[in-house]
Amino acid sequence: MKADACSNHPEATIGPAVSLSVLEKHPITDTHGRTIDHLRLSVTSACNLRCLYCRPGACPPSSRASLTDDQRVDLVSHLYSHRGLRQLRLTGGEPLLHGSIVDLIARIRDAAPDLSLAMTTNGLRLAEMARDLRNAGLDRLNVSLDTIDPTRYRTLTGGCVDHVIGGLSAALDAGFPPPRINTVVLRGHNDDSLADLAEWAIDRGFEIRFLEAMPIGQAAEFNRSRFVPEQRILRQIESRYLLRPLPSASGETSTRFVASNARHSGVIGIIAPLSKPFCGQCRRMRVTADGLLFPCLLDSRHISLSQCWERRSLDTHLADCLIDAAIAEKGLVGSLEQRTGMIKLGG
Ligand code: SAM
C-alpha cells in the first residue's frame with residue numbers, strides 16, 4: 001500500500017474550501033460497501049506470555065518508534081468525531097503492560113464519550129488493575145483463557161492460570177459486565193476439554209468463545225498442524241449441551257448459541273475464520289503500537305500512519321487520505337497470507 005496514492009486525494013488538491021468538509025462525519029467505507037467503524041488499537045507489542053499459537057519464540061522489538069498516547073488520543077478523537085468510529089478495542093501485545101493504560105483510557109473516554117470502549121487482555125494483571133480500568137471508563141473486557149488446567153496453561157502460555165482466574169473475579173467486583181472468554185482451540189492441548197471449559201464458564205456467567213487457530217506470522221505452521229475445525233469444536237460441546245443458534249448482530253464474528261442442559265444454560269460462541277469466513281461482514285481495521293494500519297487481519301498489506309504527525313499535531317487531511325486509500329484495498333476475503341505476528345496485530 002502506497003502513501004503516494006494520497007497525492008490524488010481531493011483533500012490534497014482542492015484546498016481550504018474542502019477542508020471544511022472534515023468537520024462533518026464521513027464514515028469510512030470500503031469498495032465492497034462495508035462500513036469500517038471498529039478499530040483495534042494495539043498499545044504495545046510486549047507481552048508477559050509466550051502462547052505457542054501466537055508468539056512461538058522471542059519477539060524482536062520494532063525498529064519503528066511507538067505512537068505516543070497523545071497521538072493515539074488524536075487519532076481516536078478524529079476517527080470518532082469525523083469518521084464514524086463506533087467501537088474501539090485496546091489490545092497488544094498485552095495492553096495491561098502499557099504503563100499509562102489507565103490514563104489513556106480516561107483520555108479516550110473524555111474525548112469520545114459515546115464510543116464503545118473494550119479491551120482484550122490475558123488477564124494476568126487484572127486483579128490489581130480492574131478497578132482503575134473501570135473507573136477510567138472502560139466498558140468491557142475480553143479475557144483470553146485456553147484452559148483452566150494449571151499445567152496445560154503453563155505449557156501453552158508460560159503463565160499461571162490462577163492469576164487469570166483471580167483477574168476475572170476482580171473484574172466482576174470492579175463492576176464490569178461478565179467478561180467474555182476467548183479460547184483458542186489446539187489439537188493435543190485443549191481440544192479434549194472444551195465441554196469442561198464451557199461448563200466452568202457458564203457456571204460463572206461468562207460467555208465463552210472458541211476460536212479456530214489462524215495460520216498467522218511465525219506460528220502459522222504450528223497452528224496448521226494443530227488446527228481443529230468448527231465442526232469438531234461443536235461436536236464436543238454438543239456432547240454435553242443442546243445448542244440453539246442466536247441471531248447474529250451486524251459485524252459479529254462469532255456464531256453464538258444458547259447452550260443448555262438439565263443443570264444450567266449460558267451462551268457460547270464459535271469464531272471460525274477458516275471454516276466459516278466472516279469477511280463479508282468485517283467492520284474492522286487495526287493499528288499497531290508503532291502506527292501501522294492493517295485493513296485486514298489476514299492480509300500483510302499495510303500503511304504507516306506515523307507520517308501524519310510530522311508537524312506535531314495530527315494532519316487530519318493526510319490521515320483521512322491514507323486511511324481511505326488503505327481501506328479501498330481491503331479485500332472481500334483475506335488472502336491468508338499474514339506474515340506479521342498476532343502479538344503485533346493484536347488479534
Ligand atoms: N495479550 C492479549 C490477550 O492475550 O488477550 C491481547 C493480544 S492477543 C494477540 C489477542 C487475542 O488473539 C487473544 O484472545 C489470543 O488468544 C488470540 N490469538 C492469538 N493468536 C491467535 C491465532 N493464531 N489464532 C486465533 N487467535 C489468536
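As the structure lists them, so they are numbered: ligands from 1, and atoms in each ligand from 1. Heads up: numbering here begins at 1 and tracks the sequence.
Membership of the apolar cluster around Leu246 extends to Val258, Val267, as traced through chained side-chain contacts below 4.5 Å between ILVMFWY residues.
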Note to self: Could you go through Leu97 and Arg125, starting from their C-alpha distance and side-chain angles, then the distance that decides it, and tell me whether this counts as side-chain contact (heavy atoms from CB on, under 4.5 Å)?
What the structure shows: CA-CA 8 Å; Leu97 292 183; Arg125 300 195 65 194; 3.9 Å; yes

In a simple table, one pair per line, please give the protein and ligand 1 atom names for every N or O pair closer than 3.5 Å, along with the distance.
residue	atom	partner	partner atom	Å
ligand 1	1 (N)	Gly93	O	2.8
ligand 1	1 (N)	Glu94	OE1	3.0
ligand 1	4 (O)	Ser144	OG	3.4
ligand 1	5 (O)	Thr121	O	3.4
ligand 1	5 (O)	Ser144	OG	2.5
ligand 1	14 (O)	Ser144	OG	2.7
ligand 1	14 (O)	Asn182	ND2	3.4
ligand 1	16 (O)	Tyr53	OH	3.3
ligand 1	23 (N)	Tyr53	O	3.2
ligand 1	23 (N)	Met214	O	3.0
ligand 1	23 (N)	Asn223	ND2	3.0
ligand 1	24 (N)	Met214	N	2.8

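Put simply, the side chain of Asp299 never gets that close to the backbone of Ser335: no donor and acceptor are under 3.5 Å apart. Side chain of His302 to backbone of Ser300: a donor-acceptor contact under 3.5 angstrom is found.
Counting heavy-atom neighbours within 6.0 Å of Glu128 CD, excluding the residue itself, gives a total above 12.
Residues Leu67 and Ser306 share a closest heavy-atom pair of CD2-OG, 4.3 Å.
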